[in-house]
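Here the structure comes first, spelled out in structure tokens, and everything after it is commentary.
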2 protein chains.
Amino acid sequence: MGRMTEKADLASGRATLSDVAREARVSLATADRVLNNRAGVHAKSIARVREAVARLNYRPDPAAARLARTRSHRWCLVLPSGGNAFVAQLQAELAACRAWLEDHRASVQILEVDVFEPQRLADLLRSLQGQCETAIVMGLDHPLVQNAIDGLVDGGCEVITLVSDVPRSRRHAYVGIDNAAAGRTAASLLGRFVGREPGEVGVVAGSLSLRDHAERCLGFNQVMTTEFTHLTVLPAVQGKDSPALNEVLVRQLLAEHPRLRAIYSVGAGNAGISAALKAAGREREVVFIGHELTPAARADLLDGTLDAVINQDAGHEIRSALRQALARATREPVHADQERIRIDIYLKDNLP
Amino acid sequence: MGRMTEKADLASGRATLSDVAREARVSLATADRVLNNRAGVHAKSIARVREAVARLNYRPDPAAARLARTRSHRWCLVLPSGGNAFVAQLQAELAACRAWLEDHRASVQILEVDVFEPQRLADLLRSLQGQCETAIVMGLDHPLVQNAIDGLVDGGCEVITLVSDVPRSRRHAYVGIDNAAAGRTAASLLGRFVGREPGEVGVVAGSLSLRDHAERCLGFNQVMTTEFTHLTVLPAVQGKDSPALNEVLVRQLLAEHPRLRAIYSVGAGNAGISAALKAAGREREVVFIGHELTPAARADLLDGTLDAVINQDAGHEIRSALRQALARATREPVHADQERIRIDIYLKDNLP
DNA sequence: CTGTTAGCGCTTTCAC
DNA sequence: GTGAAAGCGCTAACAG
């Protein structure tokens with residue numbers, strides 16, 4: 001219907017913002033204002049531009065936008081202090097994204113904070129207000145933290161939770177796995193690996209007040225109690241993700257339960273569990289399943305101490321969080337499919 | 001040592017090609033020629049530019065390059081005709097990359113060819129000469145094909161093999177999984193799921209002359225014969241990836257081997273195997289492991305017919321092939337880590 | 001063999 | 001409210 005311009009019609013390429021501006025009978029600047037939701041444009045103009053965008057099927061060229069943009073993006077990444085191997089992996093993967101960040105005119109500041117101190121984390125989050133345009137936080141699901149996140153969001157900061165969600169907050173996105181499903185996966189694998197003989201199953205968690213650990217336990221128990229009724233899941237013991245503590249706990253478990261058939265390690269500190277099993281000479285006969293493919297886990301998988309590892313790809317998580325931060329900042333679309341974090345299962349045979 | 005320019009020194013941003021040109025005392029155009037290995041530059045100039053690049057730590061801005069480039073990329077994707085579900089997934093994932101392709105000024109032409117006809121495939125490949133700058137081919141490992149690939153490569157076409165490699169060819173890259181490792185993974189899982197009772201294990205392949213199928217069998221047998229000696233792996237039967245043929249073959253298997261404990265399906269056509277198991281009422285007791293998470297496989301996993309699926313992520317493979325095609329065309333670096341295709345294991349519990 | 005110059009499609013002052 | 005115009009950092013003619 002509408003009159004069409006030669007260029008929009010004939011040119012093999014896509015419509016540009018100038019095309020849109022011309023069609024809408026406004027200037028390039030005004031078209032840009034509408035596209036980027038900047039204030040101070042007459043409703044009439046807005047409508048005309050929108051209409052032209054739709055009619056010409058206009059999509060901004062991200063390369064041009066990136067090149068023209070002078071302001072650069074400031075993001076923050078909040079991680080637990082005290083360096084367990086998985087957190088170290090996240091840091092390493094971030095470092096590997098340096099060139100990508102430069103290319104996209106973005107910089108990331110890493111902040112460390114004690115995970116077990118909700119107040120500290122909340123304070124830190126609050127201090128980020130105005131310091132960065134988006135905060136990527138590997139958090140702790142606690143009312144104080146939830147509240148601090150909501151405060152940041154209200155202040156106009158984008159918030160993305162990483163690895164461990166704070167679902168009741170108003171964070172803009174969560175990058176990580178479904179931990180209940182991960183727990184169920186561990187249970188299916190463990191149950192089938194143990195086989196028919198009855199016996200007990202030990203569960204070693206870091207802390208059940210960590211949302212991801214609690215959810216994994218939930219999923220695990222759900223499957224064990226419905227599908228593997230010949231196995232008794234012992235109450236979870238908590239070792240604060242510490243190898244030393246875990247070792248003691250597993251020694252006790254082994255001593256007290258001669259029929260212990262398997263161990264599910266929900267959190268970190270697997271080295272301790274591995275050590276206790278080896279000390280008892282039962283590392284081959286007790287089925288042992290844990291999380292996160294660290295270098296140590298890899299070795300234990302290869303020598304048969306660990307039977308399977310449930311993993312979330314740290315590199316994928318970091319890249320996904322960064323891509324989403326960028327997409328939100330530039331209002332580019334995200335390829336949802338590519339951002340779904342998989343629950344990886346590793347046996348010794350399919351190690352990367 | 002070298003005298004440095006204000007801009008290179010002080011500016012917070014990165015060095016630009018103009019900086020490099022100035023430092024090397026040549027023009028922008030000459031600097032560009034060196035950077036893009038274009039002919040007709042004095043050795044002296046080349047050296048000076050290279051030195052300046054190194055000294056300033058110059059890295060081209062991909063956004064600027066993409067914007068300035070007028071020529072667009074023409075790529076071809078060669079797929080087997082006859083549409084099995086996995087190939088359909090690849091097509092769908094390519095379609096989902098449309099916007100990405102547009103943004104990168106690239107277009108992909110899909111070509112279908114009968115996989116079981118090496119001569120046809122070889123002819124098709126040869127016809128691509130000069131038609132596209134890179135060919136992404138899901139091929140067939142046969143001397144004729146290998147030869148055609150080498151011909152393309154000699155003619156200056158980039159070649160990337162997808163899903164099934166042609167390792168003796170001079171293709172520039174392979175995007176896909178290690179199929180022997182995938183076979184080993186299937187064996188480990190199957191062996192442990194079956195448990196201690198002795199019995200037979202059936203193997204259903206599409207065609208052992210397909211490299212990926214042959215390699216999976218190899219890996220599978222390797223693990224079965226060393227780690228699960230109480231199980232006897234029957235000779236592989238070949239069903240050409242056809243559900244109908246596979247159903248007949250599995251009916252026979254079930255009839256002839258009352259102690260059949262498990263089936264490993266190496267290729268496509270799992271619907272037939274599933275049907276045969278259900279017809280015999282043995283779908284829950286026979287362990288069934290196959291490849292590729294198609295919609296049908298998903299359903300069989302959920303109802304317990306399939307016990308595990310070994311998968312390669314079609315979306316990841318397509319995106320990875322496209323990114324590598326782009327990287328080769330623009331000589332941008334690739335993030336190797338991100339391009340490694342995982343051997344995914346899916347149980348009903350960790351379905352995406 | 002080398003340099004000059006005009007864009008690519010946006011963003012962003014700065015004037016009106 | 002709106003528009004004109006100057007870049008962003010590279011590529012690609014086109015002259016020398």
Side-chain angles (χ1 to χ4, degrees), chain A residues 7-8 11-49 52-53 56-73 102-106 329-332, chain B residues 7-8 11-49 52-53 56-73 102-106 329-332:
Chain A
K7 192 172 177 194
S12 54
R14 66 210 258 183
T16 71
L17 190 52
S18 305
D19 296 333
V20 170
R22 186 167 17 71
E23 287 289 297
R25 283 164 304 149
V26 297
S27 74
L28 190 58
T30 295
D32 173 78
R33 288 184 183 106
V34 175
L35 238 88
N36 294 289
N37 306 318
R38 287 187 247 275
V41 183
H42 197 92
K44 201 98 181 184
S45 306
I46 297 186
R48 286 221 300 275
V49 171
V53 163
L56 298 184
N57 212 285
Y58 170 74
R59 207 161 46 77
D61 181 329
R66 191 170 314 150
L67 184 58
R69 188 161 306 164
T70 50
R71 237 185 84 247
S72 69
H73 307 291
E102 275 179 12
D103 287 348
H104 293 273
R105 289 159 179 47
T330 59
R331 48 176 68 68
E332 283 166 26
Chain B
K7 192 172 175 193
S12 55
R14 65 211 259 183
T16 70
L17 191 54
S18 304
D19 296 333
V20 170
R22 186 167 17 72
E23 286 290 296
R25 282 165 305 150
V26 296
S27 72
L28 189 56
T30 296
D32 172 77
R33 287 181 185 109
V34 175
L35 237 87
N36 294 290
N37 306 318
R38 288 188 246 275
V41 183
H42 197 92
K44 201 98 180 187
S45 306
I46 297 187
R48 284 223 302 275
V49 171
V53 163
L56 298 184
N57 212 285
Y58 170 75
R59 209 161 44 77
D61 181 328
R66 191 171 314 151
L67 184 59
R69 187 160 308 166
T70 50
R71 238 186 85 248
S72 68
H73 306 290
E102 274 179 11
D103 287 349
H104 293 273
R105 290 159 178 51
T330 60
R331 46 175 69 66
E332 282 165 29

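In what follows, every chain begins at residue 1, and chains take the letters A, B, ... in the order their sequences are listed.
- A heavy-atom distance below 4.5 Å is found between the side chains of B:N36 and B:R331.
- The side chain of A:V41 lies closest to D:dT2, out of D:dT2, C:dC8, C:dT11.
- Taking only side-chain atoms of A:R38, from C-beta outward, the nucleotide of D:dG1, C:dT12, D:dC10 with the closest atom is C:dT12.
- With distances taken from any side-chain atom of A:T16 to the nucleotides C:dG9, D:dC10, C:dT12, the minimum falls on C:dG9.
- In this structure, A:R71 places its CZ atom 18 Å from C1' of D:dG7, rounding to the nearest Å.
- In this structure, the CZ atom of B:R25 is 13 Å from the P atom of C:dT2, given to the nearest Å.
- Rounded to an integer number of Å, the gap from A:L56 CG to C:dC10 P is 12 Å.
- For B:I46 and A:A29, each mapped to the nucleotide of DNA chain C holding its nearest heavy atom, the one lying further toward the 5' end belongs to B:I46.
- Of all the residues in residues 61-70 of chain A, A:D61, A:A64, A:A65, A:A68, A:R69, A:T70 reach under 4.0 Å from DNA chain C with at least one non-hydrogen atom.
- Closest contact between the side chain of B:L17 and the listed nucleotides C:dG3, D:dT11, C:dC10 involves D:dT11.
- Summarising the geometry, the separation between CG on A:N36 and P on C:dG9 is reported as 17 Å, rounded to the nearest angstrom.
- A:R48 has its CZ atom 12 Å from the C1' atom of D:dT2, to the nearest Å.
- The distance from atom CG of B:L35 to atom P of D:dG9 is 15 Å, rounded to the nearest whole Å.
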Give me the distances for all protein-to-nucleotides 14-16 of chain C N/O pairs that come in under 3.5 Å?
none

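- One atom, CG of A:D103, and another, P of D:dG9, lie 12 Å apart when rounded to the nearest Å.
- With sequence neighbours left out, the side-chain contact (heavy atoms from CB on, under 4.5 Å) criterion links B:R69 to B:A65, B:H73, B:T330.
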